[in-house]
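Data block below; observations after.
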Amino acid sequence: MKGFITDLDNDWQINALGNLMMSDGIDSYRQNLSNRLKLQQYEYAYDLTRGINYFGYVFADGGNLKAWEAQVLELVSSLEYVKRIVRWAYNVDGHNLQFDLVVETDLGEIEIKG
């Protein structure tokens, strides 16, 4: 798998020659997984089922964190390069939701914090 390298704001990165930077191997898996977890459901016009329903499950009055968790775990488990979820934890501290995800892939482990 190949992918474009993006920064924390999801902006493409360019090298010293002005070319888009590419990743492959486990780095492209990490980038792909991170991008999928950041994508808001209904944001991707060509596939409205893609992404996570943050507005409906996390930001809505009352919220439904169990539904959000189920959607995240289903998305992660459906990726062809993910063998298993090694660690999954999340914490809500006031208005902050943080998660820690470690997956085993065919190329090694990936950790994503969000």
Side-chain angles (χ1 to χ4, degrees):
M1 171 184 286
K2 287 196 173 279
F4 295 110
I5 296 176
T6 59
D7 63 15
L8 293 175
D9 295 322
N10 210 26
D11 293 328
W12 290 342
Q13 297 294 291
I14 56 172
N15 64 17
L17 299 174
N19 297 317
L20 289 172
M21 295 175 64
M22 302 288 290
S23 65
D24 60 0
I26 198 161
D27 288 332
S28 66
Y29 287 176
R30 182 178 292 106
Q31 186 75 40
N32 181 268
L33 180 55
S34 179
N35 287 344
R36 286 176 180 262
L37 290 172
K38 291 177 185 174
L39 183 67
Q40 166 65 31
Q41 192 170 15
Y42 315 118
E43 183 178 15
Y44 187 64
Y46 301 105
D47 184 356
L48 297 179
T49 64
R50 199 174 210 182
I52 306 295
N53 188 359
Y54 289 103
F55 290 133
Y57 294 146
V58 177
F59 301 124
D61 286 340
N64 188 343
L65 291 179
K66 287 297 179 187
W68 164 77
E69 177 180 29
Q71 191 176 35
V72 167
L73 295 178
E74 180 181 343
L75 179 147
V76 172
S77 298
S78 72
L79 297 172
E80 64 278 357
Y81 54 84
V82 172
K83 289 184 169 183
R84 70 184 180 95
I85 296 171
V86 176
R87 184 175 67 240
W88 165 250
Y90 68 91
N91 182 42
V92 178
D93 182 17
H95 295 288
N96 295 319
L97 169 66
Q98 297 176 324
F99 67 84
D100 183 29
L101 171 70
V102 177
V103 297
E104 181 183 332
T105 73
D106 52 352
L107 297 176
E109 285 190 357
I110 296 172
E111 182 172 18
I112 305 285
K113 293 181 180 280

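Worth knowing before you read on, the calculation uses all heavy atoms, side chains too, and leaves out hydrogens, waters and symmetry mates.
Here side-chain hydrogen bond (donor to acceptor under 3.5 Å, both in side chains) pairs that include residues 50-60, with residues two or more places apart or in two chains, number zero.
By the side chain to side chain donor-acceptor pair (under 3.5 Å) test, Tyr81 pairs with Asn32, sequence neighbours left out. With sequence neighbours excluded, the residues that form a side chain to side chain donor-acceptor pair (under 3.5 Å) with Glu111 are Arg87, Lys113. With sequence neighbours left out, the side chain to side chain donor-acceptor pair (under 3.5 Å) criterion links Asp47 to Thr49. Applying the ring pair (Phe, Tyr, Trp, His ring centres under 6.0 Å) criterion to Tyr42, with sequence neighbours excluded, gives no partner residue. Remark: Val76 pairs with Leu33, Leu37, Val72, Val82, Ile85, Leu101, Val103 by the side-chain contact (heavy atoms from CB on, under 4.5 Å) rule, at least two apart or across chains. By the salt bridge (Lys or Arg N to Asp or Glu O under 4.0 Å) test, Glu43 is found to be paired with no residue, residues two or more places apart in sequence or in another chain being considered. The side-chain contact (heavy atoms from CB on, under 4.5 Å) search around Asn15 returns Leu17, Asn19, Met21, not counting sequence neighbours. Applying the salt bridge (Lys or Arg N to Asp or Glu O under 4.0 Å) rule to Arg30 yields the partners Asp27; only residues at least two apart in sequence or on another chain are considered. Residues forming a side chain to side chain donor-acceptor pair (under 3.5 Å) with Asp106 (at least two apart in sequence, or on another chain): Tyr29. In this view, Asp93 satisfies the salt bridge (Lys or Arg N to Asp or Glu O under 4.0 Å) rule with no residue, not counting sequence neighbours.
Smallest separation of non-hydrogen atoms from Ser78 and Leu75: OG-O, 2.7 Å. Taking each heavy atom of Ile112 and Ser34 in turn, the nearest pair found is CD1-CB, 4.1 Å.
In Phe55, the CZ atom is not crowded: 12 or fewer heavy atoms of neighbouring residues, nucleotides or ligands sit closer than 6.0 Å.
In this structure, CG in Asn91 is found 6.5 Å from CD in Gln98, a value given to the nearest 0.5 Å. With rounding to the nearest 0.5 Å, the separation of CH2 in Trp88 from CD in Glu69 is 6.0 Å. With values rounded to the nearest 0.5 angstrom, Asp100 atom CG is found 14.0 Å from Tyr90 atom OH. For the atom pair Leu107 CG and Lys83 NZ, the distance stands at 9.0 Å (nearest 0.5 Å).
A heavy-atom distance below 4.5 Å is not found between the side chains of Ile52 and Leu39.
Counting Ile, Leu, Val, Met, Phe, Trp and Tyr side chains that sit under 4.5 Å apart, directly or through other members, Val86 shares a hydrophobic cluster with Val102.
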